[in-house]
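Chain naming here is simple, since letters A, B, ... match the order of the sequence lines and numbering starts at 1 in each.
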2 protein chains.
Amino acid sequence: MRPRRGRGVTILDVAERAGVSVSTASRALTGHPDVSAQTRKQVLGASQELGYRPSLLAQSLVLGRTSTIGLLVSDIANPFYPALAKSIEDAASNFGYIVVLCNTDDDPPRSLKYLDRLIAQGVDGIIHASVGEDEKHLSLASQAGVPVVVLNRRPRLLRDVDVVISDNQKGAEEIVTHLLELGHRTIGHIAGPEYATLCEDRLAGYRRALEKKGIPFNPELVVRSKFTHEAGAQAVQELLQREPRTTAIFAVNDVVALGAMDALLERGLEIPRQISLVGFDDIEISRSPTVQLTTVRQNLVEMGRLGVMQLVDAMSNPETHQPQRIVLEAGVVLRNTAAQPADIPQPE
Amino acid sequence: MRPRRGRGVTILDVAERAGVSVSTASRALTGHPDVSAQTRKQVLGASQELGYRPSLLAQSLVLGRTSTIGLLVSDIANPFYPALAKSIEDAASNFGYIVVLCNTDDDPPRSLKYLDRLIAQGVDGIIHASVGEDEKHLSLASQAGVPVVVLNRRPRLLRDVDVVISDNQKGAEEIVTHLLELGHRTIGHIAGPEYATLCEDRLAGYRRALEKKGIPFNPELVVRSKFTHEAGAQAVQELLQREPRTTAIFAVNDVVALGAMDALLERGLEIPRQISLVGFDDIEISRSPTVQLTTVRQNLVEMGRLGVMQLVDAMSNPETHQPQRIVLEAGVVLRNTAAQPADIPQPE
DNA sequence: CTGAAAGCGCTTACAG
DNA sequence: CTGAAAGCGCTTACAG
């Protein structure tokens, strides 16, 4: 039987080689001031020679922290998340934290499973950026004393967690107002699942914009969709079937808008000549020359960065940290998928 | 001072409550057979009542495994990686492993820093899917007895690691042959950095295809580029300046091809009427109706899944595991960006 | 079937 | 400035 971990050089080996006690070796290694220069040199030398690497596992156990944070996203393959994850990983790494990635698929049991595991594993904090109905599971973390930062969702019940979110309602209101100003009057909305607050907020923005222009809200024009490309494509069919005179569509996010775009193109509709289409998020693909989606920009890099800042503060100062709600601006980005409505009725 | 971790229920609390020793509590909790049904019930009950959750940290220290794997990617915000990461996370999770995500930016020192940290942290295995010149750093892991699986790159020196890779040369040869068969004779290649074997393999495939058709290789037609959108856009400018009669371009990957596409469209060139463009990878965006990039498909989901399978085997059977090199097929996907060359010379 | 003890690899009061 | 000892929260031979 060979030792479990490679050559398994422990601090005991270093201490022996340096001819000191384990305590002294530890102090020398961790840079404790009360160590004579000579002893320190010997210990460091021994450590070098042996290729000693301290077990963070053991350190974590005694120090009570792992310098690890957990990140829950709905689905890293959904193009909304990579930029956010990158920003989080970047910022976390600057503070010496490493990040564990978990895909919840917005499935509450999965979410629970991960949360449980992360807590048991001893993560120092959790960033929760998925939107499933798992809010109650989050309290597990708080109970266990693990600070939580919630990104991109507005908690319904949870207090004492930090929140970083865009102003979804205002952003939605702005872009729908833009459509109205272009002259559109029959504007469909592909809304997201009801459980996600961001959807409700964007829907509220949509309604608000109509209201301000004195246009009655028509529930027929709102169709619910999941957060996927395919669902967006389906939703648009449904919408156009319900109301063929729709001249513009506001999709709950870009991924859904892109799905809708596919379906519209497939139907032979020209965007924006025959129908306008706008989204929300401004993910990378939306900017590409072949897409040029008019949308609302969420600053995901900033969201990730601020989320980490809040979490770091919460982890470093558990006693004094005050959870905050940070609301980011989200403004319209004009591109090529929204224009004045054509007078021409749709083909067929 | 409150306890570090929330209420901090330990196995000692459970044991006391159940009126047994810690050893017995442990055995009951871990499902050891030699525990009387009654004792087990009591312990489990106590555990329930106290809301006990075992410290995986402590368990890891004694058991010598953390059920954690490290994943190194170049950049999760690069659309190549999310699908791969998803697949890995999925498969890993099925085996009870959690994954730590690290962005190397293909920067060897960063890579080293992460590798070091992951090993010290005690990950049970590492999946390395970034392409920087950090191969020698990988041997750290092997030395420390941590199994490594390399994805999407062909190690130059390292033995005893598992490799899962697509047949880059063959894929490249196939798609360039396709261009040749369409009638192209002046085919540019936007190659990637020389340090990445996958670039060299794709370049070799490009050369092979030309050779088979008896077309002399013209080094002027090969321009090097980084793996980014922007670099692709720049590279295409360089290429067209060197050889304006280029009628088709093979980009080292889709991200680069998409950048090239931007630049071509900006120049007012129609794809594929005036110039053909093909890539490699078949990332999600390439499939979208507005892009429809002709490319070579890499099965990233399969690559991730197989990578995890190999790693799990290596972690479970360290003594008997035989590192393997698995080569995945990579075939051409015909879409809309490659067609017969026009006789019309380019505008301007 | 159960308990006392050792040990996983560290850190840190406590004495000296 | 240094060392012996206790402890972080578990598991598992070893006795009984």
Side-chain angles (χ1 to χ4, degrees), chain A residues 1-43 46-47 50-67 119-122 124 144-145, chain B residues 1-43 46-47 50-67 119-122 124 144-145:
Chain A
M1 269 297 193
R2 45 170 96 156
R4 289 191 215 270
R5 299 216 67 77
R7 306 186 311 303
V9 180
T10 82
I11 199 172
L12 180 64
D13 302 316
V14 175
E16 275 176 0
R17 175 120 181 180
V20 299
S21 74
V22 169
S23 343
T24 300
S26 173
R27 279 188 284 255
L29 256 8
T30 55
H32 191 98
D34 292 349
V35 177
S36 76
Q38 166 164 331
T39 307
R40 166 161 293 129
K41 194 190 295 175
Q42 276 172 36
V43 172
S47 164
L50 295 174
Y52 169 68
R53 40 182 77 240
S55 159
L56 296 186
L57 220 50
Q59 287 185 165
S60 294
L61 190 59
V62 23
L63 298 178
R65 61 179 149 72
T66 54
S67 298
I119 295 167
Q121 194 106 318
D124 295 337
Chain B
M1 271 296 194
R2 44 170 96 155
R4 289 192 216 270
R5 300 218 67 77
R7 306 186 313 300
V9 179
T10 80
I11 198 170
L12 181 63
D13 302 316
V14 175
E16 275 175 359
R17 174 118 182 184
V20 299
S21 73
V22 170
S23 346
T24 301
S26 173
R27 279 187 285 256
L29 255 8
T30 55
H32 191 98
D34 291 351
V35 177
S36 78
Q38 167 164 328
T39 306
R40 166 160 292 129
K41 194 189 294 175
Q42 276 171 37
V43 172
S47 163
L50 296 173
Y52 170 68
R53 42 182 75 240
S55 159
L56 295 187
L57 220 50
Q59 286 185 165
S60 293
L61 191 60
V62 23
L63 298 178
R65 60 178 150 73
T66 54
S67 299
I119 295 167
Q121 194 107 318
D124 295 337

*Asks:* List the atom of B:Ala25, the atom of B:Val20, and the distance in Å for their closest heavy-atom pair.
*Replies:*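 In this case the closest contact between B:Ala25 and B:Val20 is N-CG2, 4.0 Å.
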*Asks:* Looking at every strand, decide which applies to B:Ser60 at a 4.0 Å heavy-atom threshold: base, sugar-phosphate, or nothing.
*Replies:*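 Answer is nothing: B:Ser60 stays at 4.0 Å or more from every strand.
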*Asks:* How many Å lie between CG on A:Leu61 and P on C:dC8, as a whole number?
*Replies:*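 Taking CG of A:Leu61 and P of C:dC8, I get 14 Å after rounding.
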*Asks:* So what does A:Ser26 touch, heavy atoms closer than 4.0 Å: a base, only the sugar-phosphate, or nothing?
*Replies:* base
*Asks:* Name all residues meeting the salt bridge (Lys or Arg N to Asp or Glu O under 4.0 Å) criterion together with B:Arg53; count only those two or more places apart in sequence or in a different chain, and write none if there are none.
*Replies:*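 With neighbours one apart ignored, the set is A:Asp116.
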*Asks:* How long is the gap from CZ on B:Arg65 to CG on A:Leu57, to the nearest 0.5 Å?
*Replies:* 12.0 Å
*Asks:* Please state how far atom CG in B:Leu29 lies from atom P in D:dT12, giving the value in whole angstrom units.
*Replies:*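 Answer to the nearest Å: 12 Å.
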*Asks:* To the nearest 0.5 angstrom, please state how far the CG atom of A:Leu29 sits from the OG atom of A:Ser47.
*Replies:*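 A:Leu29 atom CG to A:Ser47 atom OG measures 5.0 Å (nearest 0.5 Å).
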*Asks:* Which dot-bracket string describes DNA chain C (Watson-Crick N1-N3 plus N6-O4 or O6-N4, or G-U N1-O2 and O6-N3, all under 3.5 Å; [ ] crossing; | other strand)?
*Replies:* |||.||||||||.|||
*Asks:* Output a table of nitrogen or oxygen pairs between the protein and nucleotides 1-5 of chain D separated by less than 3.5 Å.
*Replies:*
{"unit_1": "D:dT2", "atom_1": "OP1", "unit_2": "A:Ser36", "atom_2": "OG", "d": "3.3"}
{"unit_1": "D:dT2", "atom_1": "OP1", "unit_2": "A:Thr39", "atom_2": "OG1", "d": "2.3"}
{"unit_1": "D:dT2", "atom_1": "OP2", "unit_2": "A:Ser36", "atom_2": "N", "d": "3.2"}
{"unit_1": "D:dT2", "atom_1": "OP2", "unit_2": "A:Thr39", "atom_2": "OG1", "d": "3.3"}
{"unit_1": "D:dG3", "atom_1": "OP2", "unit_2": "A:Ser21", "atom_2": "N", "d": "3.0"}
{"unit_1": "D:dG3", "atom_1": "OP2", "unit_2": "A:Ser21", "atom_2": "OG", "d": "3.2"}
{"unit_1": "D:dG3", "atom_1": "OP2", "unit_2": "A:Thr24", "atom_2": "OG1", "d": "2.7"}
{"unit_1": "D:dG3", "atom_1": "N7", "unit_2": "A:Arg27", "atom_2": "NH2", "d": "2.6"}
{"unit_1": "D:dG3", "atom_1": "O6", "unit_2": "A:Arg27", "atom_2": "NH1", "d": "3.2"}
{"unit_1": "D:dG3", "atom_1": "O6", "unit_2": "A:Arg27", "atom_2": "NH2", "d": "3.2"}
{"unit_1": "D:dA4", "atom_1": "N7", "unit_2": "A:Ser23", "atom_2": "OG", "d": "3.1"}
{"unit_1": "D:dA4", "atom_1": "N6", "unit_2": "A:Ser23", "atom_2": "OG", "d": "2.8"}

*Asks:* Write down the distance between CG (A:Leu63) and P (C:dT12), rounded to a whole number of angstrom.
*Replies:* 5 Å
*Asks:* Give the C-alpha distance, both sets of side-chain angles, the deciding distance and a yes or no for side-chain contact (heavy atoms from CB on, under 4.5 Å) between A:Tyr52 and A:Asp13.
*Replies:* CA-CA 9 Å; A:Tyr52 169 68; A:Asp13 302 316; over 6 Å; no
*Asks:* Does D:dG9 have OP1 or OP2 sitting under 4.0 Å from an N or O in the side chain of B:Gln59?
*Replies:* no
*Asks:* For B:Arg27, which of B:Thr39, B:Val22, B:Val35 qualifies under side-chain contact (heavy atoms from CB on, under 4.5 Å)?
*Replies:* B:Val35
*Asks:* Provide, to the nearest angstrom, the distance between the CG atom belonging to B:Leu57 and the C1' atom belonging to C:dC8.
*Replies:*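 Distance check: B:Leu57 CG to C:dC8 C1' gives 12 Å.
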*Asks:* Take atom C1' in D:dG16 and the same atom in D:dT12, then report the distance between them in whole Å.
*Replies:*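 Between the two C1' atoms, the distance is 16 Å.
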*Asks:* Atom CG of A:Leu12 and atom P of C:dG9: how far apart are they, to the nearest Å?
*Replies:* 9 Å
*Asks:* To the nearest 0.5 Å, how far apart are CG in A:Leu56 and OG in B:Ser60?
*Replies:*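 Reported to 0.5 Å precision, the distance equals 12.5 Å.
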*Asks:* List the atom of A:Arg40, the atom of A:Gly31, and the distance in Å for their closest heavy-atom pair.
*Replies:* NH2-C, 3.7 Å
*Asks:* What closest approach, in Å, do A:Leu61 and B:Ser55 show between heavy atoms, and which atom pair accounts for it?
*Replies:* CD1-OG, 4.5 Å
